[in-house]
Peer 1: 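Sharing a structure with you now.
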Amino acid sequence: MGRVMVMLFIAFVSVCGVSQVRSDGSDHRYKDGDLVPLYANKVGPFHNPSETYRFFDLPFCSPGHVKEKKEALGEVLNGDRLVSAPYKLEFLHDKDSDLVCKKTLTKEEVSQFRAAVNKDYYFQMYYDDLPIWGFIGKVDKEGKDPTDYKYYLYKHIHFDIFYNKDRVIEINIRTDPNALVDLTEDKEADVEFLYTVKWKETNTPFEKRMDKYSQSSSLPHHLEIHWFSIINSCVTVLLLTGFLATILMRVLKNDFVKYAHDEEAAEDQEESGWKYIHGDVFRYPKYKSLFAAALGSGTQLFALTIFIFILALVGVFYPYNRGALFTALVVIYALTSGIAGYTATSFYSQLEGANWVRNLLLTGCLFCGPLFLTFCFLNTVAIVYTATAALPFGTIVVIVLIWTLVTSPLLVLGGIAGKNSKAEFQAPCRTTKYPREIPPLPWYRASIPQMAMAGFLPFSAIYIELYYIFASVWGHRIYTIYSILFIVFIILLIVTAFITVALTYFQLAAEDHKWWWRSFLCGGSTGLFIFAYCLYYYYARSDMSGFMQTSFFFGYMACICYGFFLMLGTVGFRAALLFVRHIYRSIKCE
């Protein structure tokens, strides 16, 4: 584990150092007249954040030689494709209506721009690492009928740049509402693309220039909603834990007293029936290789989440540095694969499994397999759309190399260590030779109703925060309050553990000894609720449309929800195992 921690620290340093969107390698200090780097990034429909295209896929003024910027892995995964922009913004040089180029738009180009304006296309650029956005045009909807709509392209951009001594502090961009090109009809149009630059002095220090991007998520009314969410979740947790502790302690205490005095079992077997199945409760589950693999993958994803939270809380993921998050996810997932291998084979050996190599292969493919198939499909869709979400061949090679040279060897090493750990499954009671028959149970004690009950409470503790996360990942809202998110995550874990323990107790009290898979499924059922929330968010809270955006949203959200299912299922099972061991250790088994 120590070696893994060292490697994670190295990864953390590399993530901090290389994955931010950088204009160039300068120290951000400029002299009068120096050319400050301006890169055009991408264009795309405002409501479809995954559907972005290269800036010059639209027929803007293109410089003779388009210089592409070298990008880190995280930036490429984020769909960033930075190229030199046609505007020249020298340090401290004002410009008034300077010409970028004169251009005659063909009918096809007019039609292309019109389609883009109709879909609310925006553009994104980076000026000295500062992100800027603007819309490329507007739709005049004076007529009620869509055939009467007028489509206009903005041809004059105003850059307002603030500086402090020799550094750029802030840049704002606005379009001249009077300088328009009519795109309504399919006919050639002569366009003069212009730009104006105004420099203004400010006292804001360079270190605080990114603050304005993170302040929007910390506005008082937003914080109130977040704190309301946390208080709501805390009340849920307190009520649940108090209720469970009271009920379980009272019931268990009565049970222990009865068994200690060797009294006859109570007539009401709902209350004390768990004593009768002590010979079956530690009988190993069916499909134990799959069970151990699910536990291994869930433990790895839990470790990954914790490390991501650590990086977030120390301030690595500041706004518009999303490349850092993708880089961290890839690197930390690769480095934590040893945890999956060790946990899976160690538990598989405890369950007296013989074929540990097959178990290790299953562990490696359980989460990566569906993720890889989803990626292949979505990458093909992006290639067909010629979107920037399509990964270049070189990036795919890098990811494959990381998987083959880091993930797989660490998985195997972890597996060998787990197999040789010689840990024994500590069962307080001996298992009988033949399984006891489970009595007929009412419908609400079946797996599906129990999963519905188990998933609802943890989901109710996080659903308010989910909206903000979705609006950040699948929209343009900024999310920076990671401390609140971490508190919500801890609450989620506590509620999941407690509700799984409660349902496991009631299951055992009904003399149903097949609790292993049930506890995992009940713990992980919150993942299914999150996916149901995805459907609600897509249709009720967002304006996403089109096959590409829809497939990206549901494809990647299905993978994330599956990851949550494995992670929370592991938490639920571990909590249930601790509880079951404790109650059976407290009675004298025959």
Side-chain angles (χ1 to χ4, degrees), residues 19 41-55 57 71-82 119 121-122 124 297 301 304 308 322-334 364-404 407 466 469-476 527-528 530-539 541-567:
S19 59
N41 187 11
K42 51 195 177 186
V43 293
F46 183 75
H47 298 296
N48 289 358
S50 300
E51 188 185 338
T52 53
Y53 304 95
R54 291 172 179 272
F55 185 79
D57 283 355
E71 290 167 313
L73 174 64
E75 294 170 36
V76 178
L77 292 175
N78 192 37
D80 292 330
R81 303 288 185 273
L82 273 67
K119 287 185 178 177
Y121 265 50
Y122 70 98
Q124 187 195 30
S297 297
L301 291 169
L304 169 70
I308 290 292
R322 268 166 142 171
L325 177 59
F326 287 109
T327 308
L329 283 169
V330 171
V331 171
I332 296 174
Y333 184 83
C365 298
L366 196 63
F367 183 71
C368 275
L371 185 64
F372 176 72
L373 292 173
T374 307
F375 163 75
C376 288
F377 171 70
L378 295 178
N379 208 52
T380 307
V381 171
I383 289 168
V384 170
Y385 272 74
T386 65
T388 60
L391 294 191
F393 180 71
T395 306
I396 295 172
V397 169
V398 168
I399 291 173
V400 169
L401 285 174
I402 289 172
W403 195 83
T404 50
T407 309
L466 267 184
I469 295 163
F470 273 60
S472 171
V473 176
W474 301 104
H476 302 279
L528 302 177
I530 296 174
F531 193 72
Y533 181 82
C534 293
L535 293 165
Y536 161 74
Y537 181 84
Y538 181 85
Y539 289 108
R541 302 303 294 268
S542 81
D543 294 311
M544 291 185 260
S545 59
F547 178 73
M548 179 184 165
Q549 182 62 42
T550 305
S551 55
F552 263 71
F553 178 76
F554 286 110
Y556 282 128
M557 282 315 300
C559 290
I560 290 167
C561 294
Y562 175 53
F564 262 93
F565 175 80
L566 292 173
M567 180 178 74

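Scope of the values below: all heavy atoms of this structure, side chains included, with no hydrogens, waters or symmetry mates.
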Peer 1: Identify the two heavy atoms, one from Y333 and one from L304, that lie closest to each other, and give their separation to 0.1 Å.
Peer 2: N-CD1, 3.8 Å
Peer 1: Cut-off 3.5 Å, side chains only: do Y538 and T550 have a donor facing an acceptor?
Peer 2: yes
Peer 1: When rounded to the nearest 0.5 angstrom, what is the spacing between OH in Y562 and CD1 in I530?
Peer 2: 15.0 Å
Peer 1: Taking R54's backbone N and O only, do any of them form a donor-acceptor pair with D57's side chain (distance below 3.5 Å, no angle check)?
Peer 2: yes
Peer 1: Can a donor-acceptor pair be found, under 3.5 Å and without considering hydrogens, that links the side chain of T388 to the backbone of T52?
Peer 2: yes
Peer 1: With rounding to the nearest 0.5 Å, note down the distance linking CG in L566 to OG in S297.
Peer 2: 6.0 Å
Peer 1: Find the distance between SG (C534) and CD1 (I560) and round it off to the nearest 0.5 Å.
Peer 2: 8.0 Å
Peer 1: For the CG atom of L325 and the CD1 atom of I308, what is their distance to the nearest 0.5 Å?
Peer 2: 5.5 Å
Peer 1: In terms of ring plane angle, is the pair F46 and Y122 parallel, tilted or perpendicular, where the classes change at 30° and 60°?
Peer 2: perpendicular
Peer 1: I need the N78 CG to S50 OG distance, nearest 0.5 Å.
Peer 2: 9.5 Å
Peer 1: Taking the six-membered ring for Trp, are the ring centroids of F375 and Y556 within less than 6.0 Å of each other?
Peer 2: no
Peer 1: So which atom in N48 and which in S545 form the shortest heavy-atom distance, rounded to 0.1 Å?
Peer 2: ND2-O, 2.7 Å
Peer 1: Give me the atom names and distance for the closest heavy-atom approach of A382 to A390.
Peer 2: CB-N, 3.5 Å
Peer 1: Is a donor on one side and an acceptor on the other found under 3.5 Å between the side chain of E51 and the backbone of M548?
Peer 2: no
Peer 1: State, to 0.1 Å, how close S551 and F377 come at their nearest heavy-atom pair, and which atoms those are.
Peer 2: CB-CE2, 4.1 Å
Peer 1: When you compare the side chain of W403 with that of C368, does any pair of heavy atoms fall below 4.5 Å?
Peer 2: yes
Peer 1: Please report the shortest heavy-atom distance between C559 and T374, naming the atom on each side.
Peer 2: SG-OG1, 3.4 Å
Peer 1: Could you tell me if the side chain of L77 sits less than 4.5 Å from the side chain of T327, heavy atoms only?
Peer 2: no
Peer 1: Go through the side-chain N and O atoms of Q124 and N41 and say whether any donor and acceptor fall under 3.5 Å apart.
Peer 2: yes
Peer 1: Can you confirm whether F531 sits close enough to F565 that some side-chain heavy atom of one is under 4.5 Å from a side-chain heavy atom of the other?
Peer 2: no
Peer 1: Going from CH2 on W474 to OH on Y537, what distance comes out if it is rounded to the nearest 0.5 angstrom?
Peer 2: 10.0 Å
Peer 1: Counting C-beta onward and ignoring hydrogens, is there a side-chain heavy-atom pair between F553 and M544 closer than 4.5 Å?
Peer 2: yes
Peer 1: Checking F470 against M557 for the side chain to side chain contact (heavy atoms under 4.5 Å, CB included) test, could you report, in this order, the C-alpha distance in whole Å, the side-chain angles of both residues, the deciding distance, and whether it holds?
Peer 2: CA-CA 10 Å; F470 273 60; M557 282 315 300; 3.5 Å; yes
Peer 1: Could you pull out the closest heavy-atom pair between T395 and V76, with the gap in Å?
Peer 2: OG1-CG1, 3.3 Å
Peer 1: Test of understanding: with ring-ring contact (aromatic ring centres under 6.0 Å, His included), list the residues that count as partners of F564, not counting sequence neighbours.
Peer 2: none
Peer 1: For R81 and F55, indicate whether the former's side chain and the latter's backbone hold a donor-acceptor pair under 3.5 Å.
Peer 2: no
Peer 1: Between L73 and F326, is there a side-chain heavy-atom distance shorter than 4.5 Å?
Peer 2: no
